[in-house]
Amino acid sequence: MEIDYIENEVSILQPPAAQRRRIRPVDDAHPFDLDAYISGYSGRTALDRLVHIISTCPTLAPQALKLAFAQIEELRDPTLYQTVMNAYDAVADLPEVQLPPTSELCPVNTVWCEEITKKNQAERTKLEVELKTYSNNMIKESIRMGHRDLGDFYRATGDYTQALKHYTKSREFCSTSQHVLDMCLSVLELVIEQRNYSHISSYVFKAEGALDTANAAAASNSTAGSAAPPPKRSAERDQVQSKLDFAMALFHLGQANYEKAAQLFLKIGPPDSLGDWIGKLVAPGDFAVYGTLCALASMSRSAIKSQLTGNAIFSAYIEQEPYVRDLTQSYLSSDFKNVLELLERYSTRHYVDIHIYSHVYDLTNLIRNVAVVLYFQPFQTIRLDRMSAAFGWTVDEVEKEVVALIQSGQIQGRVDSQNKILKARKVDHRAELFARAIKTAAEIQSTNRKLLLRMRLQQADLVVKPPKSRREQDRAAELLQGD
């Protein structure tokens, strides 16, 4: 018996309850070194990632809690203690998780909280008084710097709403394109920390406009000067452009537009071109993970070979995550079983990332679907047990996967469920050619009949003519055109 689809079948791609909660194991089959991972980050990004790890990996929660408490004292936001403890308590409340209370692991440094709160209050008062003085004196540049400093202060203390307000307010007092560019980069850092991807594109476009204006002004000034400055300006432009490419890549990733995200991740310059964003917002190894997963899920093999494996700059990022190279090579050599094993083995590494964790499940499924389609392409018929050996699945899992791909139109074939054989649909190219020829002939015949009918109606003077005044207007128009 041959079937084209199976109705009311639960897909093997449906995420289990544990995966929907993003609870990931850390063991020999899923290795993850927390100390090595978090050492690549600093500041608020390091803390945000530790909080996410607490929520994602209960086995690492106590260790991550200690690291988070140590990281908090390097920042200026005492409320982060409560944020970390809330995340820890939420995981500890799960029935399958048993964790010691936070009081047994590390106490809250109340003395530090009181001191930093007083310092923050004093500095905020100082900055607000300075800004008010500048506003009264109508000093435009000082007002801009006052809003910028307040934005930096509120960002450091965790008040992102006020930080964004002061950053955008400084735009009114920018007198050069470089000031606008600095404001846009500050806002981009802020929204990336917030993971507010929808706001990224507008500020990237503003920054690109300011960058073009600044370069045009610099080029016009250099015509009367020496030829030495242009290389420096070019390096500065490359550094800013790499930051903008990274920001836009995150925007497309947030929109699940994986192909555009992959192209931008693969386009980013070397690590030093990102300046202080390395560690502050992202680590070099993250680019290897983001770019490779998005590329395997959305790009053709030829594009992967030319843009990923043949990319010398991106290879420097891959060196930070060696398994990514093995993943790419296995994919290009059609060793799909090893591809799926690597994706599962390092799934914890993917799920603990704050930017890509919500896309890991979809990216993995897309890579799996593409692998099945590529494996079946050379065959007219293939036994499902052979596919199960190639992918490491059971025959039933292979059948469900193939049926899902047939239903979505990615595989043109049918499944013989009795004999467990996948057959490609036979396309009779000769019959298709004749069908197109017959259709075209019928369209030509219909057109000719309409033309003959019109000619006979005109011969029999059965055509309705326009009014005389209209004919005179048309004739006058033709004479004017002739002149």
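A distance of 12.0 Å separates CD1 of Ile354 from OG of Ser55, quoted to the nearest 0.5 Å. The CG atom of Asp159 lies 8.5 Å from the NE2 atom of His166; values are rounded to the nearest 0.5 Å. The structure places OH of Tyr290 at 8.0 Å from CG of Leu253, a figure rounded to the nearest 0.5 Å. Rounded to the nearest 0.5 angstrom, Leu181 CG and Leu244 CG are separated by 7.0 Å. The structure places OG of Ser202 at 9.0 Å from CZ of Phe251, a figure rounded to the nearest 0.5 Å. A distance of 8.5 Å separates CD of Gln194 from NE2 of His199, quoted to the nearest 0.5 Å.
Here the side chains of His252 and Leu264 are in contact, with some heavy-atom distance below 4.5 Å. Put simply, the side chain of Ser334 reaches to within 4.5 Å of the side chain of Arg301, judged on heavy atoms. Between Arg44 and Leu281, the closest side-chain pair of non-hydrogen atoms is not below 4.5 Å.
Side chains of Ser177 and Thr213: no donor on one and acceptor on the other come within 3.5 Å. For the residue pair Tyr167 / Asp152, a side-chain donor-acceptor distance below 3.5 Å is found, with atom types taken as modelled. Of the N and O atoms on the side chains of Asp182 and His179, not one donor lies less than 3.5 Å from an acceptor on the other residue. Side chain to side chain, Tyr160 and Glu193 meet the donor-acceptor criterion of an N or O pair below 3.5 Å.
No more than 12 heavy atoms of other residues, nucleotides or ligands lie within 6.0 Å of NZ in Lys260, so this atom counts as exposed by the packing criterion. For Asp28, the CG atom is loosely surrounded, since the number of other residues' heavy atoms within 6.0 Å does not exceed 12. Heavy-atom neighbours of Arg386 CZ from other residues, nucleotides or ligands within 6.0 Å: at or below the threshold of 12. Residue Arg171 places its CZ atom among 12 or fewer non-hydrogen atoms of other residues, nucleotides or ligands, all under 6.0 Å distant. Counted within 6.0 Å of NZ on Lys165, heavy atoms from surrounding residues, nucleotides or ligands total 12 or fewer; the atom is thus considered open.
When atom types are taken as modelled, the side chain of Ser242 and the backbone of Ile268 share no donor-acceptor pair closer than 3.5 angstrom. For the pair Asn311 (side chain) and Leu266 (backbone), a donor-acceptor distance under 3.5 Å is present. In this structure, the side chain of Ser39 engages the main chain of Ala36 through a donor-acceptor pair within 3.5 Å. Remark: the backbone N or O of Tyr154 is not paired with any side-chain donor or acceptor of Arg76 at under 3.5 angstrom. Judged by distance alone, with hydrogens and angles left aside, the side-chain atoms of Asn369 form no donor-acceptor pair with the main-chain N or O of Leu366 at under 3.5 Å. In this structure, the side chain of Asp149 does not engage the main chain of Leu127 through any donor-acceptor pair within 3.5 Å. Using a distance-only test at 3.5 Å, with no hydrogens or angles considered, no donor-acceptor pair links the side chain of Glu104 to the main chain of Pro101. Between the side chain of Ser408 and the main chain of Leu405, a donor-acceptor pair closer than 3.5 Å is present.
In this structure, Lys66 fails the cation-pi test against Phe69, since its NZ or CZ atom is not both closer than 6.0 Å to the six-membered ring centre and inside 45 degrees of the ring normal.
Taking a cutoff of 4.0 Å between a charged side-chain nitrogen and a carboxylate oxygen, Arg144 and Glu141 qualify as a salt bridge. For the pair Arg155 and Asp77, the salt-bridge criterion is not met [side-chain N within less than 4.0 Å of a carboxylate O]. For the pair Lys132 and Glu128, the salt-bridge criterion is not met [side-chain N within less than 4.0 Å of a carboxylate O]. Using a cut-off of 4.0 Å between Lys/Arg side-chain N and Asp/Glu carboxylate O, Arg325 and Glu319 are scored as salt-bridged.
His30 pairs in a side chain to side chain donor-acceptor pair (under 3.5 Å) with only one of the listed residues (Arg345, Glu344, Arg24), which is Glu344. The one candidate from Val352, Leu67, Asp353, Leu34 that meets the side chain to side chain contact (heavy atoms under 4.5 Å, CB included) condition with Arg49 is Asp353. Each of Val84, Thr56, Asn86 was checked for a side chain to side chain contact (heavy atoms under 4.5 Å, CB included) with Val51, and the lone residue meeting it is Val84.
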Audit row: Lys118, Glu114, salt bridge (Lys or Arg N to Asp or Glu O under 4.0 Å) steps and yes/no: CA-CA 6 Å; Lys118 292 179 181 178; Glu114 293 175 357; 5.7 Å; no
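Between Phe287 and Tyr317, the ring planes are tilted. Angles from 30° to 60° get that label. Using cut-offs of 30° and 60° on the angle between ring planes, the pair Phe336 and Phe391 is parallel.
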